[in-house]
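In what follows, a structure is listed as structure tokens, so that the remarks can point back to it.
Fair warning: this is a prediction, and the values are worked out from it, not measured in the lab.
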Amino acid sequence: MRFESGVHRVQRIPVTESSGRIHTSAVTVAVLPEAEDVDIEINDNDLRIDVYRSSGNGGQSVNTTDSAVRITHVPTGLVITCQDEKSQIKNKAKALKVLRSKLLDLQISKQEQEIASSRKAQVSTGDRSAKIRTYNFPQSRVTDHRINLTSYNLDSFLVGNIDDFVQSLRIAHRNEKVNE
């Protein structure tokens, strides 16, 4: 899924559109790996953990127990809060998981920035401001603009038959690496 980061554009004619005009929508997709315990080691001395009472709508335990957790990673200044669960332990575990993912993303971003300075065109980063793929419903067309690949089988693509696109993106990525 690493090649899916970027702007995806959808062109469709809504059922409510009486004159048949095409409506265009866009969504930005970011694919982040979920960090495991082995990916990022967090030193307990680098964490400041605060507990406080949850706020907002809720039942009996919202304003009466200190179940919300705020974790500050001192070296980076990242602050993660969680008050989804009634249990402080579950909130802390959830916040640590999010913190690990954010730290991993920071680490990956730093590496990608170092690589980006020496690369001319980037295929696999989420930093693109332009569209990477268009889904055109009136023509049943999918176009990947990075590799100029078009398929006229949108329904098949939407149910998960994307192997042709993934394989072509892998080849383009590999060719780009070789050309470096």
Side-chain angles (χ1 to χ4, degrees), residues 1-9 25-133 144-147 160 162 165-180:
M1 300 305 292
R2 68 181 176 173
F3 298 118
E4 298 305 307
S5 293
V7 178
H8 292 252
R9 182 174 74 168
S25 304
V27 64
T28 303
V29 175
V31 179
L32 301 174
E34 186 172 315
E36 298 293 329
D37 291 342
V38 294
D39 291 335
I40 298 290
E41 288 188 31
I42 300 174
N43 187 348
D44 289 339
N45 296 331
D46 292 342
L47 300 179
R48 187 176 70 233
I49 300 174
D50 304 313
V51 293
Y52 57 97
R53 294 202 170 141
S54 299
S55 62
N57 298 335
Q60 300 166 348
S61 62
V62 169
N63 297 316
T64 59
T65 61
D66 291 338
S67 61
V69 175
R70 179 186 312 111
I71 299 177
T72 305
H73 187 251
V74 177
T76 60
L78 276 174
V79 178
I80 307 296
T81 60
C82 185
Q83 62 180 21
D84 298 345
E85 305 290 334
K86 289 183 180 182
S87 164
Q88 185 183 112
I89 294 169
K90 289 180 182 177
N91 280 331
K92 181 179 175 186
K94 226 180 207 185
L96 282 172
K97 189 174 185 179
V98 171
L99 179 64
R100 278 191 192 90
S101 293
K102 295 267 187 186
L103 288 172
L104 179 63
D105 185 43
L106 280 174
Q107 186 178 18
I108 290 171
S109 294
K110 204 179 291 184
Q111 290 170 349
E112 284 182 352
Q113 286 175 356
E114 292 170 3
I115 293 169
S117 64
S118 64
R119 292 171 65 178
K120 292 179 184 175
Q122 297 181 7
V123 174
S124 64
T125 66
D127 298 331
R128 297 182 159 278
S129 60
K131 64 188 175 292
I132 62 165
R133 191 172 298 140
D144 196 300
H145 302 286
R146 299 165 292 180
I147 55 175
I162 63 171
F165 282 83
V166 171
Q167 189 62 27
S168 296
L169 285 165
R170 281 186 183 147
I171 291 169
H173 180 69
R174 210 173 302 131
N175 289 341
E176 185 176 307
K177 288 277 192 192
V178 167
N179 291 336
E180 288 179 359

Inset, instruction - With sequence neighbours excluded, tell me which residues meet salt bridge (charged side-chain N to carboxylate O under 4.0 Å, His left out) with R170. - result: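 Once residues adjacent in sequence are excluded, R170 has no partner under the salt bridge (charged side-chain N to carboxylate O under 4.0 Å, His left out) criterion.
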Legend entry - Heavy-atom side-chain proximity of K102 to L106 below 4.5 angstrom: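 No, their side chains stay 4.5 Å or more apart.
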Inset, instruction - Would you indicate whether the side-chain heavy atoms of H173 and L169 approach each other to under 4.5 Å? - result: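 With C-beta onward as the side chain, the pair stays apart.
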Legend entry - Gap separating the CZ atom of R100 from the CD1 atom of I80, nearest 0.5 angstrom: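 The CD1 atom of I80 is 12.0 Å from CZ of R100, to the nearest 0.5 Å.
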Of all residues at least two apart in sequence or in a different chain, which pass the side-chain contact (heavy atoms from CB on, under 4.5 Å) check with [X]?
X    : result
V178 : none
I162 : F157, V166
N179 : none

Inset, instruction - Using side-chain hydrogen bond (donor to acceptor under 3.5 Å, both in side chains) as the criterion, list what pairs up with R133, not counting sequence neighbours. - result: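 So R133 forms a side-chain hydrogen bond (donor to acceptor under 3.5 Å, both in side chains) with E4, Y135, D144.
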Legend entry - side-chain hydrogen bond (donor to acceptor under 3.5 Å, both in side chains) partners for E85, two or more places apart: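 So E85 forms a side-chain hydrogen bond (donor to acceptor under 3.5 Å, both in side chains) with K94.
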Review item, side-chain donor-acceptor pairs of residues 69-78, under 3.5 Å, at least two apart:
{"from": "H73", "atom 1": "ND1", "to": "T76", "atom 2": "OG1", "distance (Å)": "2.8"}
{"from": "T76", "atom 1": "OG1", "to": "L78", "atom 2": "N", "distance (Å)": "3.3"}

Legend entry - Check: D84 side chain, N91 main-chain N or O, donor-acceptor pair, under 3.5 Å: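 Between the backbone of N91 and the side chain of D84 there is no qualifying donor-acceptor contact (under 3.5 Å).
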Legend entry - Closest non-hydrogen atom pair between S67 and K86, with its separation: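 Taking S67 first and K86 second, the nearest heavy atoms are CB-O, 3.2 Å.
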Legend entry - Partner set under ring pair (Phe, Tyr, Trp, His ring centres under 6.0 Å) for H145, not counting sequence neighbours: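 With neighbours one apart ignored, the set is empty.
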